[in-house]
Amino acid sequence: MRVPPLHVLPFHELPAAELERWRELRAGNPALDSPYFHPGFAAAVHASGHPVRVAVADDVLMAGHLIGSTLRPVGWPGADFQGPLLAPGAAFDPVRLLGKGVTGFAFDHLVDGMPGFDRWTVTRRASPYLDVRGGMDGYLARASKAGKENMGQARRRAGKAGRELGEVRFAADSLDEGALARVIELKRAQYAATGARDYFAEPDRTDLLKLLLHTREPDFAGILSTLHAGPHLLAAHFGMRAGGVLHWWFPVYDPAHAKLAPGWILLRELVLAAPSLGIERIDLGRGDDEYKRRAKTGETTVGQGLVTRNPVRRAARAALERARPTLSRVKRRLT
């Protein structure tokens, strides 16, 4: 059987017909409902100054970045769901992504069940989510005991914040650029305090969030949610939504008000607002943070690995991925 050849184009040269096919492939495959697979995300990443190239064939589309000779998924290192755009049940050989200067395709959040990737996947990790169909009542019916308890505590702490700091105000979808700047400031402080790599050290990533903040397509948008008590910004979150899916991307809170657990108050408000926003699922992204374990109603898995013809490089990547969980646990104990 003849395999269709892959042609690689810069995102801005992608014909309108291919963009429409992108939308059709995504709409026809439930595994691709995350905002990360929407062409609006790739467009914003490309416009922010991080060039996106798209491999195109009759049966597949794959957007990414060529860094050296390694192909990375579009939006890397901030892409929490990754993979090619394929029709449901379609076969795919990832080796097709190699060649023409590409010696490897590295992935760290590959959507579970992507055809052809099993042999290249070294590890899989949980990516939790909240099923918020039916708003708070629906969530509580599906939540764990810990999730229910934390939502109850969040309600009580919101009352306390109102009494001590001033009226509590929640904005589900704000266009406040000053609040977005504060999100980035608090996130960078968090990275510095924990020793994590600073995502915003690259200026194009700040530009990306600014572009997404003002992206308002019918089925795709950046979403900035803020929680104030009196004059104080207690917590905020910047993410993306596509259709009924909201991706929880950059949550922050003011450490000065940590005793109020403002992140939980913010999450509770988002769950309450979900029906009016048309949101049915909140993807929390990969990670074993305690609040994710408590809040989730379910989880999927995402894979980590490398597609390469070089066995030495593949073995080195496998060793690194298998060591990451242990290294993370050690780092948490030391910080």
Side-chain angles (χ1 to χ4, degrees), residues 1-11 14 18 21-22 25-26 29-34 36-39 41-42 45-46 50-127 197 285-287 300-325 327:
M1 180 179 178
R2 180 177 174 273
V3 177
L6 286 171
H7 302 286
V8 180
L9 297 170
F11 182 86
L14 203 62
E18 292 298 346
R21 189 162 69 93
W22 186 326
L25 283 170
R26 181 177 174 272
N29 190 340
L32 304 175
D33 64 356
S34 167
Y36 288 104
F37 292 109
H38 195 284
F41 177 63
V45 171
H46 189 69
H50 195 20
V52 175
R53 43 187 274 159
V54 186
V56 180
D58 294 343
D59 59 335
V60 63
L61 287 166
M62 175 71 204
H65 311 283
L66 189 60
I67 301 173
S69 64
T70 300
L71 181 64
R72 301 275 188 173
V74 62
W76 183 88
D80 289 347
F81 289 101
Q82 304 164 355
L85 288 105
L86 300 161
F92 182 68
D93 182 358
V95 174
R96 290 171 62 192
L97 297 170
L98 307 183
K100 297 182 180 179
V102 179
T103 62
F105 170 59
F107 54 91
D108 51 14
H109 292 77
L110 185 79
V111 169
D112 192 35
M114 278 288 172
F117 281 90
D118 279 352
R119 65 173 292 209
W120 307 105
T121 300
V122 178
T123 57
R124 290 179 172 86
R125 295 177 193 149
S127 184
R197 181 178 298 176
R286 191 189 80 190
T300 183
T301 59
V302 291
Q304 300 78 46
L306 175 70
V307 180
T308 179
R309 293 188 177 96
N310 185 328
V312 175
R313 186 180 177 192
R314 184 181 178 192
R317 176 60 183 257
L320 176 62
E321 289 297 344
R322 291 187 178 115
R324 283 189 196 277
L327 293 173

Pro51 backbone acceptor or donor facing His46 side chain under 3.5 Å
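Answer holds: no.
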
Report yes or no: does Thr103 contribute a side-chain atom to a donor-acceptor pair with the main-chain N or O of Thr308 at less than 3.5 Å?
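The answer is no, because no donor-acceptor pair under 3.5 Å joins these two groups.
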
What pairs with [X] under side-chain contact (heavy atoms from CB on, under 4.5 Å), at least two apart in sequence or on another chain?
| X | answer |
| --- | --- |
| Ala57 | Pro4, Leu6, Asp59, Val60, Arg96 |
| Val102 | Arg53, Leu66, Leu71, Leu98 |
| Ala31 | Asn29, Val111 |

How close do Pro73 and Ala106 get, heavy atom to heavy atom, and via which atoms?
CD-O, 3.2 Å

Taking every non-hydrogen atom, the tightest pair across Ser127 and Gly285:
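Here Ser127 and Gly285 meet closest at OG-C, 3.5 Å.
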
Could you check if a side-chain atom of [X] sits within less than 4.5 angstrom of a side-chain atom of [Y], using non-hydrogen atoms only?
| X | Y | result |
| --- | --- | --- |
| Val52 | His65 | yes |
| Met62 | Val74 | no |
| Phe11 | Val45 | no |
| Ile67 | Trp76 | yes |

So NE2 of His7 and NZ of Lys100: to nearest 0.5 Å the spacing works out to 6.5 Å

Enumerate donor-acceptor pairs with a distance under 3.5 Å from any side-chain N or O in residues 78-91 to protein atoms, sequence neighbours excluded.
unit_1	atom_1	unit_2	atom_2	d
Asp80	OD2	His247	NE2	2.8
Gln82	OE1	Asp108	N	3.0
Gln82	OE1	His109	N	3.0
Gln82	NE2	Ala79	O	3.0
Gln82	NE2	Asp108	OD1	2.6

List the steps and the verdict of side chain to side chain contact (heavy atoms under 4.5 Å, CB included) for Val54 and Val8.
CA-CA 5 Å; Val54 186; Val8 180; over 6 Å; no

List the atom pairs, with distances to 0.1 Å, where a side-chain N or O of residues 113-121 and a protein N or O form a donor-acceptor pair under 3.5 Å, not counting sequence neighbours.
unit_1	atom_1	unit_2	atom_2	d
Asp118	OD1	Arg124	NH2	3.0
Thr121	OG1	Phe117	O	2.8

Using side chain to side chain contact (heavy atoms under 4.5 Å, CB included), reason through Arg26 and Arg21 one step at a time and then give a plain yes or no.
CA-CA 8 Å; Arg26 181 177 174 272; Arg21 189 162 69 93; over 6 Å; no

Can you name the residues that form a side chain to side chain donor-acceptor pair (under 3.5 Å) with Asp93, not counting sequence neighbours?
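Residues passing side chain to side chain donor-acceptor pair (under 3.5 Å) with Asp93: none at all.
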
Could you walk me through whether Thr300 and Asp112 pass side chain to side chain donor-acceptor pair (under 3.5 Å), step by step?
CA-CA 7 Å; Thr300 183; Asp112 192 35; 4.5 Å; no

